[in-house]
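Right, one structure below, let's go through it.
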2 protein chains.
Amino acid sequence: MTASPASSASSARECSIANALAVVGERWSLLVLREVLLGNVRFESIAANTGGSRDILSARLRTLVEAGVLERRLYDEHPRRYEYLPTEAGWALQPILLALMDWGDRYVTQGPPPTVWEHSCGAELHLEAVCAACGEPASSGQSRLLRLGGVDQVPAG
Amino acid sequence: MTASPASSASSARECSIANALAVVGERWSLLVLREVLLGNVRFESIAANTGGSRDILSARLRTLVEAGVLERRLYDEHPRRYEYLPTEAGWALQPILLALMDWGDRYVTQGPPPTVWEHSCGAELHLEAVCAACGEPASSGQSRLLRLGGVDQVPAG
DNA sequence: ACTGCTGAGTTGGAAAATCCAACCCACGAC
DNA sequence: GTCGTGGGTTGGATTTTCCAACTCAGCAGT
């Protein structure tokens with residue numbers, strides 16, 4: 001937790017990708033999020049389904065709560081037991097996880113996709129990233145950098 | 001490179017998110033990708049713009065090349081110099097980076113977004129994840145798990 | 001010929017994160 | 001009273017990461 005990618009050396013870009021990774025970029029963070037978003041909100045099931053060591057999971061859960069991505073809620077008074085619920089920021093990570101899954105299905109996983117979602121329209125869910133304004137796909141070549149690290153970019157050409 | 005999140009303990013879920021993270025989930029990997037996709041394909045500019053140590057960047061570049069995400073290309077014979085170009089799999093990570101950026105803008109970065117893209121439609125680019133089949137947003141509650149780790153799920157209710 | 005500069009790394013040693021198994025504590029059930 | 005469960009913590013070994021310094025090769029200037 002000392003030097004995050006975002007806050008390291010001299011002239012690294014100020015960048016929300018790095019800032020996001022400083023919060024959810026550590027090992028196991030996104031796997032913990034996966035479980036929590038699937039509804040496995042208790043320590044035991046998170047440990048079982050991710051396969052991570054209990055100590056680092058404990059640490060990750062703590063940092064994710066501190067970062068406001070999860071909320072730790074007491075669900076049983078007497079043997080004090082807690083569960084970890086996604087906050088709004090936590091739910092907002094779902095598209096990232098689905099996009100990672102899609103990419104993994106396509107370029108890493110051998111054989112058929114191990115996990116399949118059905119969209120409310122009835123089809124198997126595959127993500128597409130579109131421009132929120134016009135709805136057109138935001139694929140490569142369809143976008144241009146306007147400003148980077150607070151510095152406006154000059155159009156090439 | 002020994003124990004990736006994907007290949008660890010006993011009963012961890014078989015999952016393309018974990019598989020994807022085994023490839024691009026290490027520290028600095030996605031920041032390297034960011035630079036390469038921005039066109040900074042040479043070691044020096046990757047080091048300068050990410051702020052990562054040269055040794056781990058060197059290691060990351062090697063693993064990303066081995067994973068087929070980048071391609072190492074000789075661009076100068078005599079002082080042997082190489083550059084790192086994204087493969088198709090590398091370009092396919094762009095939506096993930098943009099989604100991370102959006103999330104970071106919204107929930108982590110203080111103040112105005114440091115990086116702004118313009119879509120070909122003229123608007124500032126903000127991503128939306130939609131179902132590839134019907135085009136409707138794939139937000140939470142709009143999808144249902146069909147199969148997980150090779151095991152079909154029973155609909156709740 | 002000598003000096004410095006650039007690009008692309010490698011090396012060495014310190015510091016931090018991760019791994020793993022084992023342990024702890026509180027409770028409820030048998 | 002012993003077992004099992006949930007939710008962790010502790011100790012010690014192993015791996016990564018950090019950082020600065022170094023290398024090596026070619027070119028540019030003087």
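So you know, we letter chains A, B, ... as the sequences are listed, proteins then strands, and number each from 1.
- Rounded to an integer number of Å, the gap from Arg80(A) CZ to dC27(C) P is 10 Å.
- The backbone N or O of Asn19(A) sits nowhere less than 3.5 Å from a side-chain atom of Ser16(A) that would complete a donor-acceptor pair.
- In terms of the salt bridge (Lys or Arg N to Asp or Glu O under 4.0 Å) criterion, residue partners of Glu44(A) (sequence neighbours excluded) are, by chain and number, Arg54(A).
- Between the side chain of Thr87(B) and the main chain of Gly90(B), a donor-acceptor pair closer than 3.5 Å is present.
- Per the geometry, CG belonging to Asn40(A) stands 12 Å off P belonging to dG7(D), to the nearest Å.
- Nearest-nucleotide assignment on DNA chain D puts the 5′-proximal partner with Arg72(A), out of Asp55(A) and Arg72(A).
- When the C1' atom of dA8(C) is taken as reference, atom CG of Leu57(B) falls 12 Å away, rounded to whole Å.
- In this structure, Trp28(B) does not reach the dT16(D) phosphate: none of its side-chain N or O atoms is under 4.0 Å from OP1 or OP2.
- Using a 4.0 Å heavy-atom cutoff across all strands shown, Asp76(A) reaches no nucleic acid atom at all.
- A donor-acceptor pair under 3.5 Å is absent between the side-chain atoms of Thr50(A) and the main chain of Val32(A), judged by distance alone.
- Taking side-chain N and O atoms only, Arg62(A) has a distance below 4.0 Å to OP1 or OP2 of dT9(D).
- Contact annotation: Ser58(B) reaches the phosphate of dT10(C) (side-chain N/O to OP1 or OP2, under 4.0 Å).
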Distances for protein N or O near nucleotides 3-7 of chain C N or O, under 3.5 Å:
residue: dG7(C); atom: O4'; partner: Arg81(B); partner atom: NE; Å: 3.3
residue: dG7(C); atom: O3'; partner: Tyr75(B); partner atom: OH; Å: 3.4
residue: dG7(C); atom: N3; partner: Arg81(B); partner atom: NH2; Å: 3.3

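- Residue pairs meeting the ring-ring contact (aromatic ring centres under 6.0 Å, His included) criterion with at least one member in residues 96-127 of chain B, sequence neighbours excluded, are Trp103(B)-Tyr107(B).
- Partners of Arg62(B) according to the side-chain hydrogen bond (donor to acceptor under 3.5 Å, both in side chains) rule, which considers only residues two or more places apart in sequence or in another chain, do not exist here.
- Listed for the Asn40(B) side chain is no donor-acceptor partner under 3.5 Å among the backbone atoms of Val36(B).
- For the helix from dA1(C)-dT30(D) to dC30(C)-dG1(D), the axis fitted to the five pairs at one end and the axis fitted to the five pairs at the other end meet at an angle of 0° (nearest 10 degrees).
- One can place CD1 of Ile56(B) at 13 Å from C1' of dA17(C), the figure rounded to the nearest angstrom.
- Residues satisfying the side chain to side chain contact (heavy atoms under 4.5 Å, CB included) test with Tyr82(A), not counting sequence neighbours, are Arg72(A), Leu74(A), Arg80(A).
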